[in-house]
Every structure is written in structure tokens, then in C-alpha cells.
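Structure first, commentary second.
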Amino acid sequence: MLTEIRIESLGAISAATAEFDRGLTVLTGETGTGKTMVVTGLHLLGGARADANRVRSGAARAVVEGRFCTADLAQAAAGQIDELLEAAGAERDEDGTVIAARSVSRDGPSRAYLGGRGVPAKSLTGFTGSLLTLHGQNDQLRLMRPDEQRAALDRYAAVGSRLERYRAAREAWQSARRELVERRDRARELAQEADRLTFALREIDAVDPRAGEDDALTADIRRLSELDALRAAADGARAALAGADDALDAADGPNSATDRLGQAKAALSGTDDTVLQALGDQLGEALTVVGDVARELGSYLDDLPTGADALDAKLARQAELRSLTRKYAADIDGVLAWAAQSRDRLTQLDVSEEALAELARRVDALGEQVAKAATDLSAARTKAAGGLAKAVSAELSGLAMADAEFSIAVSTSPAAAEDPAALRLPSGQIVHAGTEGIDDVEFGLAPHRGMTVLPLAKSASGGELSRVMLALEVVLATSSRQSAGTTMVFDEVDAGVGGRAAVQIGRRLARLARTHQVIVVTHLPQVAAYADVHLMVEPTGRQGASGVRRLEDDDRVGELARMLAGLGETDTARAHARELLDAAQEDRNAST
């Protein structure tokens with residue numbers, strides 16, 4: 001639910017704040033004061049394309065900020081919003097509401113904000129998608145499009161799960177079908193590719209490289225190339241630590257590090273002084289370390305090859321590995337990764353008759369699943385079409401179109417020649433399986449008795465189209481096909497109507513407002529009289545700017561009088577306005 005909107009420098013509005021309550025809120029005002037800028041602001045909060053021409057003259061940017069309460073949303077919708085807020089790093093205010101904002105610069109790009117964080121405009125679309133339903137005159141025109149008509153029927157029929165099952169089955173079927181076509185059309189090319197990959201994999205398998213082997217070989221070859229220097233260094237170090245292999249001349253006395261450390265330890269340990277004894281213990285530890293290093297040096301010397309055969313073998317192995325890295329990757333790890341990918345690719349390149357026949361059987365089996373899902377979806381739509389058409393016709397009867405007949409035709413979409421999405425149904429019929437199913441949905445209308453039902457685009461005037469859209473929304477809302485907690489915004493839904501039809505529109509909007517927050521931009525006093533909250537957009541007297549003011553009691557009567565008389569307030573107009581307001585409120589109380 002929208003609780004507040006703040007607008008700065010958008011169109012005729014310099015700066016205005018409007019607060020909204022539950023129920024029906026109407027926005028009225030003279031032509032040109034900027035009533036529709038509130039709706040434009042809501043479109044911006046919905047992620048609509050920003051138009052720099054909407055920025056008020058003399059201002060650098062326009063700002064729209066809306067505060068939303070999500071407490072009344074259904075659990076599923078509320079959960080989706082919580083996930084979106086968490087992903088965006090957005091935060092709720094202390095009262096649990098969420099602030100969405102949009103800034104439109106005259107010279108630069110627009111910016112979007114959600115819960116205090118900068119976000120892409122599409123994030124606002126995701127956030128307000130379950131909170132706002134906007135209906136303007138352009139939306140009425142969209143109602144004439146077949147895809148919009150099918151979407152409205154799907155909302156009534158609640159076919160979301162069926163549609164998801166159908167789309168999943170269709171995607172698997174289309175994927176398998178594309179693979180079959182590719183294999184058949186490119187059989188020779190794919191066979192050649194398979195031969196190349198097979199040859200390459202045999203070459204790699206013959207060498208049998210191991211991960212990281214090239215780096216290890218490089219280190220080994222470097223060590224073997226310096227064999228004499230390494231042996232001299234290790235032998236000299238071992239001799240210094242533990243003495244040479246041949247006995248030292250007794251006259252020379254002990255000369256190795258081990259001997260000297262042993263003498264020092266013995267000298268210290270032979271005293272009664274605790275400090276010297278502790279130092280002797282430390283020398284004992286040093287003797288252990290020196291002995292360990294001397295033994296490891298001995299092992300190292302024993303492991304060093306004595307001839308050139310080991311170096312030659314490793315150089316030969318390195319040459320084998322380099323023959324692979326020249327062809328397939330920069331290093332052996334890359335060669336192994338390429339081999340793994342190539343083996344996966346080979347499984348997809350089988351163009352034998354047996355493989356093609358198996359894939360064709362899989363395509364047929366998946367096609368049967370798609371046909372079943374499509375048939376179930378079509379049956380649900382066909383069943384719901386009659387109920388929706390009957391309900392909308394009844395609503396139109398209450399909107400001063402008593403003789404109107406509204407119809408919904410659901411038919412299968414024929415497949416064109418060479419259609420890549422042609423699907424055979426169990427009945428044998430070949431249809432086009434699109435992303436939304438196999439059905440064409442068409443709304444029809446006969447506005448008056450005796451007239452032929454024609455497609456909505458050919459039979460409805462502007463006023464009739466407005467009433468059809470309102471009737472449809474009332475049916476969808478009252479039949480629980482639309483989430484509670486949604487804010488429904490109507491921009492001049494009453495265009496082209498008046499008199500008794502206007503009263504009926506006000507009555508329907510008030511009824512819709514029992515379960516939803518409804519905001520209406522209207523020029524008809526008959527509609528405005530049914531409002532719970534009446535907001536007026538009016539000039540502020542500052543360079544043509546407009547503001548928004550909430551009307552109460554006499555001010556509201558005065559605005560209704562202006563809307564009735566057209567030329568200003570008169571006693572007669574005020575009396576008529578008071579009568580209209582009292583009648584509307586009495587009507588609302590009686591229908592509660």
C-alpha cells in the first residue's frame with residue numbers, strides 16, 4: 001500500500017506531498033494543474049523510462065519519492081519483496097515501511113533508490129510489481145492487444161502453475177529438437193569434428209600426462225643440469241657437519257661441527273653450575289639438529305643419479321609434454337581440461353543412425369509431455385473464459401451498459417509452414433506451441449443489443465473501453481485473482497462517460513476499494529463524491545507551480561461544485577454538490 005508520495009520539480013508540480021489512506025482516494029483539479037503528474041511519478045517509481053522533458057523548467061532534476069507499506073501483502077508476495085530488499089542491501093524504516101525514490105536529471109541519466117540504497121531502475125520494477133497496478137489511457141489501449149487479453153484471462157483462471165509446467169516441458173522439447181536438427185543438418189561436419197577430437201584424445205592418452213607434471217619436470221631438469229655443483233655443495237656441507245667419510249688424521253684432532261659441539265656440550269655438562277648445564281642442554285638440541293641435517297644430506301647424495309641417463313629420460317618426457325602444449329593448451333593442466341571438455345563434446349557428436357533414432361524418440365516423448373501440458377493449460381483457460389465473460393458482462397450492466405455482451409474466445413493457434421514450434425496434439429491437430437501456450441485469446445464486445453460481437457479493438461469506443469477495463473479489474477479483484485494489499489491507480493478511467501455511467505463507475509471504484517487501496521485521477525464529480533480521501537491539485541501562485549491539498553467538508557463541497565458548474569462556485573452548484581456527496585455516502589453505507 002502507498003502511504004505517501006513526495007514530488008519535486010515534475011511537470012507543473014514544484015513541490016508537493018500527498019498522503020494516502022486505505023480505501024478510495026481521488027485526485028481532482030483544473031486542467032493543466034498537473035493531476036497526472038502524480039500518476040507519472042508512480043510510473044517512475046515503477047521503473048518506467050525517465051523522460052528529461054518532464055523536469056520542471058528552471059530545475060536541474062525532478063525527484064519522486066514514495067513510501068510503501070507491505071504489511072497487507074500475501075505471504076508469497078511479501079517473501080519475494082523481502083528477498084529483493086535483502087539482495088539490494090535495502091533497509092526498512094523503523095515503522096516497517098520502505099522508501100522508493102527516482103531522480104530524473106535534465107542533462108544526465110536517472111537514478112533509482114530503494115530503502116536508502118542506489119539500485120537499477122529494474123529493481124524498482126521488481127519491488128513495485130506486487131504493490132502497484134497502474135491503469136492509464138495507454139493501458140486501456142494495451143487491453144486491445146491479444147497478449148494483454150490472454151494475461152488477464154490467465155489471472156482469472158489462476159493458471160500460473162500450469163503455465164510453468166508447460167514452459168519447462170516446452171524448453172526441454174525445443175532443446176532436444178534443436179539438437180536433432182543440428183545433428184541431421186550437420187552430420188558430415190560433426191562426423192569430421194568427432195574424428196579430429198578422437199585423434200587428439202588418443203594422442204593425449206598415449207602420452208598420459210599428469211596434472212602439474214610439466215612444472216615438476218622443469219624443476220627436476222634444472223637440478224640434474226647442475227648435478228656436479230649440487231653434489232659438491234651437499235658433500236661439503238655434510239663433511240663440515242659430520243666429518244668426511246675417511247678418518248681424520250689423529251694429529252689434526254676433531255674438526256667437524258658435530259665433534260666441536262660435542263666437546264662444548266661435554267665441557268658445560270661437566271660443571272655443577274645450573275646455568276652452564278642449561279646451555280649444555282641447548283647444545284644437545286643443536287647436536288640433534290646437526291645430526292638430522294647431516295643424515296638428510298647423505299640421503300640426498302645417495303639419491304643423486306650417477307650418470308646422464310636420468311637427465312636424458314626427463315628431457316625426452318618434457319619433449320612429449322611440449323608436443324601436447326603446443327597443440328592444445330599453454331600447460332599440462334590446460335591440456336587435461338581441454339581433454340575433459342572434448343570428451344563431453346564427443347558424447348554430443350554421435351551422428352550414427354542409432355543415435356539419431358534414439359534422439360528422435362526422445363523428441364517425440366518430450367513432445368507428448370508438452371502436448372499434455374498445453375492441453376491442460378488450454379482446458380483451464382477455456383473453462384475460465386465463460387465465467388470471466390459472464391462476470392464482466394454483469395459488471396458492464398451496472399456501468400450503464402445493460403445490453404452489452406462481453407465474450408472471450410479461446411482458440412488454438414495454427415502452425416505455419418516450417419514452424420520450428422509446431423506441435424502435434426493427441427487429436428492429431430498441428431498447432432503452434434508458443435511460450436504462453438497454444439491458445440489465441442480474443443475479447444469481444446457487442447455494446448448494444450442486436451449488434452454483432454466484434455473484437456474489442458473494433459467494437460469499443462473510448463468510454464466503453466474504459467468501462468470494460470474497470471469491469472475487468474473489479475472482477476479480478478473481487479474474485480481474489482489479485483493480491484490483497486495492492487494499490488490500484490486509475491488515470492481518467494472515466495474518460496468519455498458521464499451521467500448515470502459516471503455514478504456507476506464511482507460505485508464500482510468504491511466497492512473495489514473495500515479490498516484494495518484505489519487512487520483515481522478524475523474529472524467527474526459523480527466519481528469524486530464516492531471517495532474516502534479527496535486530494536486537489538491546484539496552483540500555488542508561484543510561477544505557475546502546483547501543489548496538492550487534502551480537502552475536507554466545505555472545501556470538498558466547493559471542489560465538487562466547481563466540477564459540476566464548470567464556471568465557478570454558485571449556491572445552486574454547492575447545493576447540488578452537497579446533495580451528490582450525501583447521496584454517494586449514503587449509497588456507500590447502504591452497500592457496506
Side-chain angles (χ1 to χ4, degrees), residues 39 133-159 163 377-378 380-414 432 434-479 481-482 488-502 504-505 508-509 512 520-522 524 527:
V39 179
T133 301
L134 301 170
H135 296 288
Q137 296 187 29
N138 290 334
D139 300 280
Q140 296 171 25
L141 296 176
R142 285 204 300 269
L143 185 59
M144 291 190 263
R145 293 183 351 208
D147 58 330
E148 293 289 336
Q149 295 176 6
R150 180 176 53 235
L153 175 59
D154 284 355
R155 284 165 58 194
Y156 182 82
V159 295
L163 186 56
L377 177 61
S378 183
R381 284 170 170 164
T382 301
K383 180 179 179 181
L388 179 58
K390 182 177 180 180
V392 172
S393 294
E395 282 297 323
L396 290 174
S397 178
L399 291 170
M401 294 178 67
D403 297 330
E405 179 184 354
F406 181 79
S407 69
I408 302 176
V410 181
S411 59
T412 53
S413 179
H432 172 72
T435 56
E436 303 298 325
I438 61 173
D439 303 309
D440 290 330
V441 176
E442 184 176 74
F443 288 179
L445 180 69
H448 305 287
R449 184 177 301 170
M451 294 182 66
T452 302
V453 175
L454 295 174
L456 198 61
K458 299 179 180 179
S459 58
S461 65
E464 290 165 345
L465 187 60
S466 297
R467 281 177 276 179
V468 168
M469 188 183 73
L470 178 58
L472 184 63
E473 288 297 341
V474 169
V475 171
L476 293 175
T478 56
S479 60
R481 264 71 176 192
Q482 192 173 62
M488 305 184 69
V489 182
F490 295 92
D491 183 11
E492 298 192 5
V493 68
D494 48 17
V497 300
R500 187 163 59 93
Q504 295 298 332
I505 287 178
R508 290 308 188 279
L509 290 170
L512 186 60
V520 181
V521 177
T522 182
L524 294 179
V527 173

(request) Answer yes or no: is there a side-chain heavy-atom contact under 4.5 Å between Val489 and Val521? (result) no

(message) So which atom in Ala471 and which in Leu399 form the shortest heavy-atom distance, rounded to 0.1 Å?
(response) CB-CD1, 4.1 Å

(request) Determine, step by step, whether Glu436 and Leu163 satisfy the side chain to side chain contact (heavy atoms under 4.5 Å, CB included) criterion, reporting the C-alpha distance in whole Å, the side-chain angles of both residues, the deciding distance to 0.1 Å, and the verdict. (result) CA-CA 7 Å; Glu436 303 298 325; Leu163 186 56; 3.8 Å; yes

(request) Report yes or no: does Ser413 contribute a side-chain atom to a donor-acceptor pair with the main-chain N or O of His432 at less than 3.5 Å? (result) no

(message) Nearest 0.5 Å, please: how far is CG in Asp154 from CG in Asp147?
(response) 11.0 Å

(request) Among residues two or more places apart or on two chains, list those pairs meeting salt bridge (charged side-chain N to carboxylate O under 4.0 Å, His left out) that have a residue in residues 437-446. (result) Arg381-Asp439

(request) First locate atom CZ of Arg449, then atom CG of Asp403, and finally report the distance between them rounded to the nearest 0.5 Å. (result) 4.0 Å

(message) Using every non-hydrogen atom in the two residues, find where Ala380 and Ala157 come nearest and quote the distance to one decimal.
(response) O-CB, 4.1 Å

(message) Using 0.5 Å steps for rounding, measure from the CG atom of Leu396 to the CG atom of Leu445.
(response) 7.0 Å

(message) Please give me the minimum heavy-atom distance between Ala384 and Tyr156, naming the atom from each residue.
(response) O-CE2, 3.5 Å

(request) Assess whether side chain to side chain contact (heavy atoms under 4.5 Å, CB included) is satisfied between Leu470 and Leu509, documenting all intermediate values. (result) CA-CA 8 Å; Leu470 178 58; Leu509 290 170; 3.5 Å; yes

(request) For Gln149 and Phe443, indicate whether the former's side chain and the latter's backbone hold a donor-acceptor pair under 3.5 Å. (result) yes

(message) Please check this pair: side chain of Thr133 against backbone of Met488, looking for a donor-acceptor N/O pair closer than 3.5 Å.
(response) no

(request) Could you pull out the closest heavy-atom pair between Leu524 and Thr522, with the gap in Å? (result) N-OG1, 3.0 Å

(request) Compare every heavy atom of Val410 with every heavy atom of Val441, then report the nearest pair and how far apart it is. (result) CG2-CG2, 4.4 Å

(request) Mind running side chain to side chain contact (heavy atoms under 4.5 Å, CB included) on Glu473 and Phe490 for me, showing each step along the way? (result) CA-CA 11 Å; Glu473 288 297 341; Phe490 295 92; 4.2 Å; yes

(request) Search all heavy atoms of Pro447 against all heavy atoms of Ser459 and return the closest pair with its distance. (result) CG-O, 3.4 Å

(message) Is any side-chain heavy atom of Leu143 closer than 4.5 Å to one of Leu472?
(response) yes

(request) Sorted by first residue and then second, give each salt bridge (charged side-chain N to carboxylate O under 4.0 Å, His left out) pair with at least one member in residues 386-395; sequence neighbours left out. (result) Glu395-Arg508, Glu395-Arg511

(message) Strictly below 4.0 Å, N to O, side chains only: are Glu464 and Arg467 in salt-bridge contact?
(response) no

(message) Can you confirm whether Leu388 sits close enough to Leu153 that some side-chain heavy atom of one is under 4.5 Å from a side-chain heavy atom of the other?
(response) yes

